[in-house]
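Counting convention: from 1, in listed order, for ligands and their atoms alike.
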Amino acid sequence: MAKDVIIACDFSSKAETLEFLDCFTPENGSLRRPYVKIGMELFYAAGPEIVREIKSRGHNIFLDLKLHDIPNTVKKAMKVLSGLNVDMTNLHAAGTIDMMKAALEGLTRPDGTRPLLVAVTQLTSTSQERMQNELLINATINDTIVKYASNAAVAGLDGVVCSPLEAGMVKSAVGSDFITITPGVRFADSGADDQVRITTPAKAREIGSDYIVVGRPITAASDPLEAYNRCVREFLDIK
Ligand code: C5P
């Protein structure tokens, strides 16, 4: 199964994003052309054009818009996103199996190809206490994550976004081919920022993560290219 480091390009403008990506060239020593995550902030600020621009530069794109609406609306929105030629996109598993199935239909192009579709189970910002007290979900957070991941598999999705610490649990419950995309990655010698359930790139690989999503340890580093290469070496176990 493909494994890769995805850079979370959490910038607020097209210019800042493209300037950042400009440094990742083979001539500069970049080990790979980075897989790029475009989230809500950049997509809402720069529009679909930023997706086309980054794609035209040869990057794979994970469009992280976390859709959650009635099945028909999500299906139509996914059809539009599919036309942008992204490589991966996502939705909330809480939208139900019917919504996930509709999303998959919308995403599938007339020739049968489609981007990977992964589901957010429980956001890592949701604690078990809040989930139980505010959302009235009377289960443990781990049981909820496994149930939502199983629902995503039943709907035919490719995988889930989860904490790297949950990747092994999801794989055991749903199957080793079910993809895990994991934010919450930090180098052993760097700070956690606002992330709580974190681990290192090497540990994420050992636990079973397929794609790590890394933002500030790369984007805020004094040398982003060096930080990216370090992440790639640790995650892909390149000596
Ligand atoms: O800067 P940092 O490495 O913490 O960035 C992690 C990225 O992954 C951010 O874009 C964040 O929004 C995203 N993310 C996350 N936790 C989730 C889902 C997405 O940190 N559960």
Against heavy atoms of Arg216, which atoms of ligand 1 measure under 4.0 Å?
1 (O), 2 (P), 3 (O), 4 (O)
Assess whether atom CD of Glu129 is packed by more than 12 heavy atoms of other residues, nucleotides or ligands within 6.0 Å.
no
Within a radius of less than 6.0 Å around CD of Glu19, do more than 12 heavy atoms belonging to other residues, nucleotides or ligands occur?
no
Among all the protein's non-hydrogen atoms, which is closest to atom 20 (O) of ligand 1, and how far away is it?
Gln195 NE2, 2.8 Å
Of Gly215, Ser125, Ser163, Cys162, which has the heavy atom at the shortest distance from atom 3 (O) of ligand 1?
Gly215
Which atoms of ligand 1 sit under 4.0 Å from any heavy atom of Pro217?
3 (O)
Is there a polar contact between ligand 1 and Gly184, counting only N or O atoms under 3.5 Å apart?
no
Walk me through it: do Arg130 and Thr126 pass the test side chain to side chain donor-acceptor pair (under 3.5 Å)?
CA-CA 6 Å; Arg130 286 203 172 144; Thr126 305; over 6 Å; no
Note the single closest protein heavy atom to atom 13 (C) of ligand 1, along with its residue, its atom name and the distance in Å.
Lys37 NZ, 4.0 Å
Using 4.0 Å as the upper bound for N to carboxylate O, is an ion pair formed by Asp69 and Lys76?
no
What atoms of ligand 1 come closer than 4.0 angstrom to any heavy atom of Ala8?
7 (C), 10 (O)
Check whether any heavy atom of Asp10 sits under 4.0 Å from an atom of ligand 1.
yes
With atom 14 (N) of ligand 1 as the reference point, say which of Pro183, Cys9, Gly39 has the nearest heavy atom.
Pro183
Hey, mind stepping through Thr140 and Asn142 against side chain to side chain donor-acceptor pair (under 3.5 Å) and telling me if it holds?
CA-CA 5 Å; Thr140 64; Asn142 282 354; 5.9 Å; no
Heteroatom distance test (Arg186, ligand 1): nitrogen or oxygen, under 3.5 angstrom
yes
May I ask you to test the Met78-Val74 pair for a side-chain heavy-atom distance under 4.5 Å?
yes
Which of the numbered atoms in ligand 1 are below 4.0 angstrom from a heavy atom of Thr124?
16 (N), 17 (C), 21 (N)
Answer yes if the ring centres of Phe62 and Tyr35 are under 6.0 angstrom apart, and no otherwise.
no
Measure up the Phe24 and Tyr228 rings against each other and bin them: parallel (under 30°), tilted (30 to 60°), perpendicular (over 60°).
perpendicular
